[in-house]
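What you see below is based on every heavy atom in this structure, not just the backbone, and it leaves out hydrogens, waters and symmetry mates.
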Amino acid sequence: VLSCSCLSDLREDDVPPCTAENKPVIESQCNVLKSDKFKACHNLVKPEDFIQICIYDMCQYDGMKSTLCDIVQVYVDTCRNHGITIKWRNSTFCPLPCPPHSHYTDCVSTCPSTCNDIFASSLCEKTEECTEGCDCDDNYVLSNGKCVPLSNCGCRDDDNNYYSVSSLSVEQISGCKTC
């Protein structure tokens, strides 16, 4: 005969470590997930659990804005996994910083143009999939993770091998075809 008895749980409740003055402000910020901007997803992904996590984490990190942005991003990603795309960032709410010569877009190609393949984005298999991110400005393409002017791209030799500008000697440049 087995007998089970449980010990009482003497742990303190896991309440958000907020002060009386910052909790209403934090709750208000986290409740952005209940706004019309996210309404299209509410029936598929209930915002309440995300709001509670947001409040706890924002209290834990003393109202740090990046915490709010991270939670909203997780909610939006969960919505996207259910087929709902939400455009939510803007220049004042959780802006995504982009490197020089690029700009934020809510739907960037998953195969961007690069110096090595300037036609990648147009030749890429057309899918509905995209992700938010930074897109190079017009007449700029990716090279080693940075947006560079097309004129700074390298070239190809007769065997179609690509060479970046920094790897070329004067002799090699004369044997290259420009992109």
Side-chain angles (χ1 to χ4, degrees), residues 29-30 32-33 35-47 49-50 53-54 57-58 61 64-179:
Q29 291 174 331
C30 292
V32 70
L33 290 173
S35 71
D36 286 347
K37 185 174 286 199
F38 303 95
K39 191 175 187 173
C41 191
H42 289 168
N43 288 335
L44 293 170
V45 181
K46 303 290 182 210
D49 289 341
F50 292 86
I53 292 167
C54 177
D57 288 356
M58 290 273 292
Y61 296 105
M64 193 165 59
K65 278 281 195 236
S66 62
T67 305
L68 171 64
C69 297
D70 289 346
I71 296 292
V72 173
Q73 182 66 62
V74 171
Y75 183 79
V76 168
D77 288 345
T78 305
C79 292
R80 183 177 288 130
N81 291 340
H82 284 84
I84 305 291
T85 300
I86 298 170
K87 184 174 180 175
W88 64 281
R89 290 185 192 269
N90 61 42
S91 60
T92 57
F93 185 70
C94 299
L96 190 66
C98 289
H101 310 295
S102 67
H103 57 277
Y104 170 78
T105 180
D106 60 324
C107 187
V108 69
S109 171
T110 54
C111 48
S113 295
T114 64
C115 276
N116 188 35
D117 188 357
I118 60 171
F119 301 108
S121 61
S122 59
L123 298 175
C124 178
E125 201 173 302
K126 298 293 182 201
T127 65
E128 294 298 314
E129 285 190 40
C130 63
T131 185
E132 70 171 353
C134 299
D135 203 10
C136 289
D137 295 338
D138 287 343
N139 297 314
Y140 284 81
V141 294
L142 279 177
S143 180
N144 296 323
K146 295 179 181 171
C147 292
V148 299
L150 275 168
S151 58
N152 286 12
C153 287
C155 63
R156 296 186 178 281
D157 63 16
D158 290 332
D159 295 324
N160 208 28
N161 295 311
Y162 176 78
Y163 299 94
S164 65
V165 171
S166 61
S167 70
L168 295 172
S169 66
V170 174
E171 297 82 31
Q172 288 173 312
I173 291 174
S174 64
C176 276
K177 299 181 289 189
T178 57
C179 296

Going through the checks in order, is the side chain to side chain contact (heavy atoms under 4.5 Å, CB included) test met by D77 and V74? CA-CA 5 Å; D77 288 345; V74 171; 5.5 Å; no

Please round to the nearest 0.5 Å and tell me the distance separating atom CG of D70 and atom OH of Y61. 10.0 Å

Evaluate the side chain to side chain contact (heavy atoms under 4.5 Å, CB included) criterion for residues K87 and K37: first the C-alpha distance (whole Å), next the side-chain angles of each, then the deciding distance (0.1 Å), finally the verdict. CA-CA 8 Å; K87 184 174 180 175; K37 185 174 286 199; over 6 Å; no

Which donor-acceptor pairs under 3.5 Å do side chains of residues 95-105 form with protein atoms, sequence neighbours excluded?
from	atom 1	to	atom 2	distance (Å)
H101	ND1	Y140	OH	3.3
S102	OG	P99	O	2.6
H103	ND1	D135	O	3.2
H103	ND1	D137	OD1	2.8
Y104	OH	E132	OE1	2.7

Separation of C115 SG from N144 CG (nearest 0.5 Å): 8.5 Å

What residues, two or more places apart in sequence or in another chain, satisfy ring-ring contact (aromatic ring centres under 6.0 Å, His included) together with F50? Y75

Whether the side chain of R80 engages the backbone of T85 through a donor-acceptor N/O pair (distance < 3.5 Å, no angle test) should be reported. no

Please name all residues satisfying salt bridge (charged side-chain N to carboxylate O under 4.0 Å, His left out) with D49, sequence neighbours left out, ordered by chain then number. none

Determine whether C94 and V72 make a side-chain contact, defined as any pair of heavy atoms from C-beta on separated by less than 4.5 Å. no

For side chain to side chain contact (heavy atoms under 4.5 Å, CB included), just list the numbers for C54 and L68, CA-CA rounded to whole Å, side-chain angles, deciding distance to a tenth of an Å, and then say yes or no. CA-CA 6 Å; C54 177; L68 171 64; 3.6 Å; yes

Can you see which heavy atom on L33 is nearest to which on P47, and at what distance? O-CB, 3.9 Å

How long is the gap from CD1 on I84 to SG on C41, to the nearest 0.5 Å? 6.0 Å

For C147 versus L142, what's the shortest heavy-atom pair and its separation? SG-CD2, 4.1 Å

Looking at N81, I'd like to know if its CG atom is crowded, meaning that more than 12 non-hydrogen atoms belonging to other residues, nucleotides or ligands lie closer than 6.0 Å. yes

Here the pair of heavy atoms bringing K65 nearest to Q29 is NZ-NE2, 2.7 Å

Minimal heavy-atom distance between V108 and C134, with the atoms involved, is CG2-O, 3.8 Å

Mind checking what makes side-chain contact (heavy atoms from CB on, under 4.5 Å) contact with S113, not counting sequence neighbours? S121, V141

Separation of I71 CD1 from D57 CG (nearest 0.5 Å): 5.0 Å

Closest heavy-atom pair, V32 versus S35, reported as atoms and distance to 0.1 Å, is O-OG, 2.7 Å

Sequence neighbours excluded, the answer for side chain to side chain donor-acceptor pair (under 3.5 Å) partners of T92 is N90

Can you sort out the partners of N116 under side chain to side chain donor-acceptor pair (under 3.5 Å), two or more places apart, ordered by chain and number? R156

